[in-house]
Every structure is written in structure tokens, then in C-alpha cells.
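These figures come from a predicted structure and were not determined experimentally. Only this structure's heavy atoms are used, side chains among them; waters, hydrogens and symmetry mates stay out.
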Amino acid sequence: MPMMIVALLSGLLFGSGLVVSGMIDPTKVLAFLDVAGNWDPSLAFVMAAAIPVAMIGFRASRRCRQPVCGGSFSAPTKTAPDGSLALGAVLFGAGWGLVGYCPGPALAALSYGDPATWLFVAAMAAGMAARGLPMPGRATRSRA
């Protein structure tokens with residue numbers, strides 16, 4: 001139960017940050033991505049502020065043997081990029097550039113009740129589910 005409360009509070013904090021920064025507004029995100037047109041750099045300031053805060057958290061986690069509310073840290077073991085990462089990056093970027101949403105802001109924007117956002121989240125969930133489908137040459141990954 002404490003894990004669920006921490007997860008809920010973390011999600012609320014993250015979602016609040018997305019709302020306050022305007023990152024759930026797809027027009028603002030698309031204006032940020034439009035570097036050749038009417039570029040809005042304001043989201044770069046959000047990222048510039050968020051990265052140092054996240055770095056502090058990652059650095060602090062290295063000093064801990066285990067998470068405060070979990071059994072173990074889940075750090076990636078593979079560090080070299082591969083075809084799967086490249087394909088995922090291309091698909092993610094295409095979706096972000098077409099609609100102006102990435103996963104976190106899309107989930108936070110569901111509260112607006114816009115049918116297009118609900119459709120995007122459904123498509124995103126389908127894509128995530130497809131990731132779990134077996135593919136030739138891909139080793140299965142355990143979640144233990």
C-alpha cells in the first residue's frame with residue numbers, strides 16, 4: 001500500500017508539472033517542434049529546469065541499496081543502441097510530431113475529455129501492447 005500512495009503522489013506531482021508548464025497543450029508542443037517555422041522555445045526552458053532536478057534524483061538513487069518503496073531498482077542493462085531502439089525512436093518522434101503528445105502529457109490531457117486525446121491514448125496503448133508481441137530475433141525479457 002505505501003508503494004501505491006507514493007506512486008499516486010509521484011504521478012500527481014508529475015502531472016501537475018506537465019499542466020503548469022503547458023506541456024499538455026499539443027499546440028504549444030508542436031510550436032516547440034517547429035524549429036523551421038514559428039518556433040516557441042519555452043518548452044526548452046522546462047526541460048532545462050527538469051533535467052538537473054532529475055539528475056539529482058538519479059545521483060541520490062546510486063547511493064541507495066534499494067528504493068524506499070520497492071524491492072530493487074530497475075536499471076537498463078543494455079547500453080548500446082540497436083535497431084529496436086532506433087525504430088522505437090522514429091515511431092515515437094513521428095507520433096509526437098504529428099499530434100504534439102508524448103505519453104505523460106497525453107495521459108494528463110485525458111482530463112480535458114477531448115476525443116482526439118482519448119484516441120491517441122488508445123493508439124499509444126495498442127503500440128505498447130504490440131511491443132510485447134514476439135518478434136524474430138528479439139529475446140524475451142523477464143520482469144522479475
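- When hydrophobic clusters are built by joining Ile, Leu, Val, Met, Phe, Trp and Tyr residues whose side-chain heavy atoms come closer than 4.5 Å, directly or via intermediates, Phe14 is grouped together with Val19.
- Val20 and Val53 fall into different hydrophobic clusters, where Ile, Leu, Val, Met, Phe, Trp and Tyr side chains are chained together by heavy-atom contacts under 4.5 Å.
- Annotation for Asp82: atom CG counts as buried by contact number, over 12 foreign heavy atoms lying within 6.0 Å.
- Remark: Leu85 CG to Phe92 CZ distance equals 12.0 Å, nearest 0.5 Å.
- Remark: the backbone N or O of Asp34 is not paired with any side-chain donor or acceptor of Trp39 at under 3.5 angstrom.
- Connection of Phe58 to Phe73 is not established within any shared hydrophobic cluster, with ILVMFWY side chains joined at heavy-atom distances below 4.5 Å, either directly or through further cluster members.
- If you chain together hydrophobic residues whose side chains sit under 4.5 Å apart, Met124 and Leu98 fall into the same group.
- Residue Met47 places its CE atom among more than 12 non-hydrogen atoms of other residues, nucleotides or ligands, all under 6.0 Å distant.
- Between Ser10 and Val6 the shortest side-chain heavy-atom distance falls below 4.5 Å.
- With rounding to the nearest 0.5 angstrom, the CG atom of Leu8 is 11.0 Å from the CG atom of Leu13.
- For Ala44 against Phe32, the heavy-atom pair with the smallest separation is N-CE1, 3.6 Å.
- Counting all heavy atoms, side chain and backbone alike, Pro105 lies closest to Leu18 at N-CD1, 3.6 Å.
- Tracing side-chain contacts under 4.5 Å through hydrophobic residues (I, L, V, M, F, W, Y), one reaches Phe120 starting from Leu107; they form part of the same cluster.
- The CH2 atom of Trp118 sits 14.5 Å away from the OH atom of Tyr112 when rounded to the nearest 0.5 Å.
- Heavy-atom minimum distance, Tyr101 versus Ile24: CE2-O, 3.5 Å.
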Audit row: Val29, Leu33, side chain to side chain contact (heavy atoms under 4.5 Å, CB included) steps and yes/no: CA-CA 6 Å; Val29 173; Leu33 296 173; 4.2 Å; yes

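- Across all their heavy atoms, Leu43 and Met23 have their closest contact at CD2-CG, 3.5 Å.
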Side chain to side chain donor-acceptor pair (under 3.5 Å) between Ser42 and Asp40, intermediate numbers included: CA-CA 6 Å; Ser42 61; Asp40 176 3; 2.9 Å; yes

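- Val99 approaches Leu30 most closely through the heavy-atom pair O-CD1, 4.0 Å.
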